[in-house]
Amino acid sequence: MTIIDAVFAASPFVRYVALYRKGVLESRQKSGLSEASAGESDKYEELIVNPTLISLLRQRGNIDCGGFDWALVRYGHFTEFVLPLNDGHLSVGIEPSADALAVAGAIRGMPEVTAALP
């Protein structure tokens with residue numbers, strides 16, 4: 001089972017999963033979503049926005065906050081869980097009705113994910 005498959009299997013509230021590792025982007029979105037973001041928009045979020053967000057939060061966290069582990073970003077139509085990995089990042093779109101912190105915690109604790117953490 002791939003990390004993407006495992007994340008989708010972890011919760012029915014997962015809308016979207018992207019895995020950006022070693023410069024290669026893989027992503028998948030649940031079919032039939034209402035108010036889904038555009039695929040091209042998602043691509044640039046994974047290639048530009050999330051790596052920059054991770055870099056900024058890591059720099060700030062390393063100054064005097066004890067580092068950076070992960071982030072939740074609440075957009076209007078979903079919550080995005082962004083998790084830095086050894087060689088990239090994992091990004092998971094979560095339904096707005098879900099307890100995003102609980103879903104993120106479950107994903108963060110998965111063996112497939114913990115094996116890729118820094």
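- In this view, D99 satisfies the salt bridge (charged side-chain N to carboxylate O under 4.0 Å, His left out) rule with no residue, not counting sequence neighbours.
- Linking Ile, Leu, Val, Met, Phe, Trp and Tyr residues whenever their side-chain heavy atoms come within less than 4.5 Å places V7 and L72 in a single cluster.
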Could you give the side-chain donor-acceptor pairs of residues 104-118 under 3.5 Å, partners two or more places apart or in another chain?
from, atom 1, to, atom 2, distance (Å)
T114, OG1, M110, O, 3.3
T114, OG1, P111, O, 3.3

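- In the hydrophobic cluster analysis, where Ile, Leu, Val, Met, Phe, Trp and Tyr join through side-chain heavy atoms closer than 4.5 angstrom, V17 is grouped together with L101.
- Looking at residues two or more places apart in sequence or on another chain, you find a side-chain contact (heavy atoms from CB on, under 4.5 Å) between L25 and A18, Y20, K43, E46, L47.
- For R58, there are no salt bridge (charged side-chain N to carboxylate O under 4.0 Å, His left out) partners, not counting sequence neighbours.
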Go through it in stages, so that I can follow the logic: the residues are R21 and N86, the test is side chain to side chain contact (heavy atoms under 4.5 Å, CB included), and I'd like the CA-CA distance, side-chain angles, deciding distance and then a yes or no. CA-CA 8 Å; R21 299 180 87 179; N86 281 326; 5.6 Å; no

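- The shortest side-chain heavy-atom distance between E26 and T2 does not fall under the 4.5 Å cut-off.
- Cluster membership check: V49 does not share its hydrophobic cluster with V92, using side-chain heavy-atom separations under 4.5 Å among Ile, Leu, Val, Met, Phe, Trp and Tyr.
- Placement of L85 and V14 within a single hydrophobic cluster is found when ILVMFWY residues are connected by side-chain heavy-atom separations under 4.5 Å, directly or transitively.
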Please list every donor-acceptor pair under 3.5 Å in which a side-chain atom of residues 64-71 meets a protein atom from a residue at least two apart or in another chain.
from, atom 1, to, atom 2, distance (Å)
D64, OD1, R60, NH1, 2.5
D64, OD1, R60, NH2, 3.3

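- Remark: side-chain polar atoms of K30 are paired, donor with acceptor, to backbone N or O of P12 under 3.5 angstrom.
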Intermediate values then yes/no, side chain to side chain contact (heavy atoms under 4.5 Å, CB included), D42 and Y16: CA-CA 10 Å; D42 291 340; Y16 163 87; 3.6 Å; yes

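- Contact check for E45 versus N50: side-chain heavy atoms found under the 4.5 Å cut-off.
- Remark: V73 engages L53, Y75, E80 in a side-chain contact (heavy atoms from CB on, under 4.5 Å) (not counting sequence neighbours).
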